[in-house]
2 protein chains.
Amino acid sequence: MRTRRQRFSDSTKRALVDVAERLFTEHGYSATSLDAIVAGADVTKGALYHHFSGKQAIFEAAFERVESRATSGIAHATEGHQDPWLKAQAGLRAFLEAVQEPGYRQIVISDGPSVLGHERYREQEERSTYAIVDEIVRAVLTDTEWDLDDAMLDTFTRIFFGAMSAAGGSVAVSEDASAAALRVEAAIGFILAGLQRLLEDGAEPPDPARTARATSRR
Amino acid sequence: MRTRRQRFSDSTKRALVDVAERLFTEHGYSATSLDAIVAGADVTKGALYHHFSGKQAIFEAAFERVESRATSGIAHATEGHQDPWLKAQAGLRAFLEAVQEPGYRQIVISDGPSVLGHERYREQEERSTYAIVDEIVRAVLTDTEWDLDDAMLDTFTRIFFGAMSAAGGSVAVSEDASAAALRVEAAIGFILAGLQRLLEDGAEPPDPARTARATSRR
DNA sequence: TGAGAGTACGTACTGTCGGTATGTACCTGA
DNA sequence: TCAGGTACATACCGACAGTACGTACTCTCA
């Protein structure tokens with residue numbers, strides 16, 4: 001069991017991340033000073049540097065919190081679906097919801113890549129929202145006779161993840177968010193329908209080697 | 001005609017943007033100091049602040065240069081194609097090339113959104129690479145009987161642009177870039193083939209209203 | 001043609017902010 | 001009960017974006 005002292009320490013740390021998340025969301029990373037964070041949490045820089053190694057570290061803590069909220073929201077929406085295509089639809093809808101949250105937009109999408117650096121950013125995403133998209137994409141594509149390899153599945157996940165992120169961004173800035181979300185659902189649903197049609201028709205699976213040959217033949 | 005004095009002034013400005021682009025590319029926005037830029041260009045801060053309103057402004061100048069290089073590269077690759085589907089393929093290939101350039105990755109993709117802010121970032125993109133993608137997507141989709149409205153076409157452009165950006169990013173970080181690029185081409189080509197198939201089969205066009213009804217019926 | 005105005009910088013300084021060094025009260029376990 | 005560690009607070013430093021002001025040079029126009 002946690003001692004009294006640890007509980008106080010935990011609450012200090014939580015207060016710091018609370019304030020940090022709020023200020024990073026409202027003003028962005030660079031426009032948020034550590035002085036403002038510690039003032040908001042009613043502590044001093046000593047406390048902050050006791051719990052975190054620096055500004056980037058407390059940003060990452062806020063980042064993880066925002067991400068995990070988004071992830072659990074999407075995961076909750078997709079669970080219980082048997083049919084992978086329905087699961088994909090539910091996941092897409094939840095993703096579009098999550099990506100509209102101000103904290104997600106500012107901290108994860110806008111500041112995330114530049115503050116954490118590409119590498120760390122990707123690590124973080126790969127075990128949260130990206131992982132869910134990956135799971136859904138694999139569920140949809142391995143349920144076929146195409147027998148795609150891992151690299152090809154990864155490529156599809158990247159493409160869909162990027163498409164959904166961009167779509168989510170456009171939804172977030174549009175005047176009528178719900179109408180925009182419906183358009184996105186319709187468009188992606190349409191793309192999925194095309195894939196389904198190819199599947200039903202017994203089309204050849206996507207093959208990089210063939211693309212290469214087609215190219216070199218020019 | 002430009003006077004001797006203006007020519008000197010222009011060369012100073014160009015030197016500043018040259019150095020800024022290089023340093024921003026190598027070390028990122030925040031790790032690049034104005035002192036380093038002016039030292040590299042062999043001038044002082046007075047000169048920099050004479051030509052630019054501040055750090056963000058000189059970043060934007062570098063940003064525009066990198067973007068316009070990428071844009072002209074893609075535009076050059078797509079011109080001359082009659083068939084919109086072939087044009088799309090050529091554009092995709094050029095896009096995957098452009099997005100691998102270090103300057104584009106660091107300045108446009110990584111630092112761009114957070115430094116310029118979402119709004120300005122989108123303005124910038126909308127009149128460069130995004131515009132080309134938009135043109136291609138419209139060429140492909142308006143060449144059909146689906147008769148999609150503007151908002152729907154925009155949605156498709158956003159989705160494809162996001163997909164291609166993400167795909168480009170994954171190509172850039174992969175160990176075997178050319179193999180990864182081929183996979184991306186195969187995957188997106190496959191998605192396009194699905195759309196083509198739907199078109200040939202005379203499928204119903206994507207319709208947000210129908211998506212809404214399908215949702216509310218649950 | 002020369003004097004005033006504006007341009008294209010250079011120099012010196014300031015405020016802010018991330019980070020550090022050091023001190024201190026308190027708790028915990030032996 | 002006391003030594004050591006924890007959880008902070010305080011005071012300070014260096015880096016850096018931005019500013020104020022000075023200056024040399026150039027172009028224009030009377």
Side-chain angles (χ1 to χ4, degrees), chain A residues 1-24 26-63 107 111-112 114-117 120, chain B residues 1-24 26-63 107 111-112 114-117 120:
Chain A
M1 151 163 185
R2 314 196 55 78
T3 67
R4 226 191 93 215
R5 193 174 180 191
Q6 280 175 318
R7 284 202 307 275
F8 277 119
S9 172
D10 285 353
S11 85
T12 300
K13 187 168 183 176
R14 204 173 327 119
L16 280 167
V17 181
D18 282 346
V19 177
E21 183 193 329
R22 212 190 67 228
L23 295 181
F24 283 143
E26 285 173 13
H27 310 112
Y29 181 76
S30 68
T32 300
S33 74
L34 294 184
D35 287 334
I37 293 176
V38 298
D42 261 317
V43 290
T44 63
K45 292 176 85 168
L48 192 150
Y49 275 91
H50 174 72
H51 288 288
F52 302 97
S53 61
K55 190 180 184 182
Q56 188 178 328
I58 196 175
F59 174 84
E60 199 162 346
F63 181 101
I107 294 179
D111 287 331
S114 68
V115 174
L116 300 182
R120 263 196 103 60
Chain B
M1 162 180 177
R2 317 200 49 83
T3 66
R4 226 191 94 218
R5 190 173 184 196
Q6 281 174 317
R7 286 201 306 276
F8 276 119
S9 173
D10 286 352
S11 84
T12 299
K13 189 169 182 175
R14 207 174 324 119
L16 279 167
V17 180
D18 281 345
V19 177
E21 184 193 329
R22 211 190 67 228
L23 295 181
F24 283 143
E26 285 173 12
H27 311 111
Y29 180 77
S30 67
T32 299
S33 74
L34 294 184
D35 288 331
I37 293 175
V38 297
D42 260 317
V43 290
T44 62
K45 292 177 86 165
L48 192 151
Y49 274 92
H50 174 72
H51 288 288
F52 302 96
S53 61
K55 191 180 184 182
Q56 188 178 327
I58 196 176
F59 174 83
E60 199 162 347
F63 181 101
I107 294 179
D111 287 333
S114 67
V115 174
L116 301 181
R120 267 195 99 63

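Because only heavy atoms are used, hydrogens play no part in the values below, and waters and symmetry mates are left out as well, while side chains stay in. Naming convention: chains lettered A, B, ... in sequence-line order (proteins, then strands); numbering from 1 in each chain.
- For the OP1/OP2 pair of D:dC8 and a distance below 4.0 Å, the side-chain nitrogens and oxygens of A:T12 include at least one atom meeting the criterion.
- If you measure from atom NZ of A:K45 to atom P of C:dG23, you get 19 Å, rounded to the nearest angstrom.
- Between A:I58 atom CD1 and C:dG19 atom C1' the separation is 14 Å, expressed in whole Å.
- When rounded to the nearest whole Å, the span between CG of B:L48 and C1' of C:dA8 equals 13 Å.
- Counting only heavy atoms from C-beta on, B:Y49 has its side chain closest to D:dA17 among C:dG18, D:dA9, D:dA17.
- When each of D:dT19, C:dG19, C:dG10 is scored by its nearest atom to the side-chain atoms of A:L34, the top-ranked nucleotide is C:dG19.
- Ranked by how close their nearest DNA chain C nucleotide is to the 5' end, A:D35 and A:G46 are led by A:D35.
- As a whole-Å value, the separation of A:D42 CG from D:dA7 C1' is 16 Å.
- Checked against C:dG19, C:dG10, D:dC8, the side chain of A:A47 finds its nearest nucleotide in D:dC8.
- Look at NE2 on A:H27: it is 16 Å from C1' on C:dC17, rounded to the nearest Å.
- Note on B:T32: only backbone sugar-phosphate atoms sit closer than 4.0 angstrom, heavy atoms only; bases stay farther off.
- Dashed line: the shortest gap from a side-chain N or O of A:H51 to OP1 or OP2 of D:dC8 is under 4.0 Å.
- Both tests do not hold together for A:K55 against A:Y49: distance to the six-membered ring centre under 6.0 Å, angle to the ring axis within 45°.
- Atom P of nucleotide C:dA8 and atom CZ of B:R14 are separated by 14 Å, given to the nearest angstrom.
- Residue-level contact check: A:S30 touches neither bases nor backbone, having no heavy atom under 4.0 Å from any strand.
- The nearest pair of heavy atoms linking A:L48 to A:I37 is CD1-CG2, 4.2 Å.
- Taking atom NZ on A:K55 and atom P on C:dG19, their separation rounds to 8 Å, with Å as the unit.
- Counting non-hydrogen atoms under 4.0 angstrom, B:T44 reaches a base of the nucleic acid.
- For the pair A:Y29 and A:Q56, the tightest heavy-atom approach, listed with the atom from each and the gap, is OH-N, 3.5 Å.
- Here B:H50 does not reach the OP1 or OP2 of C:dC9: none of its side-chain N or O atoms lies under 4.0 Å away.
- Contact detail for B:F24 and B:A62: the closest heavy-atom pair is CD1-CB, 4.4 Å.
- Formation of a donor-acceptor pair under 3.5 Å by the B:T32 side chain with backbone atoms of B:L23 is found in this model.
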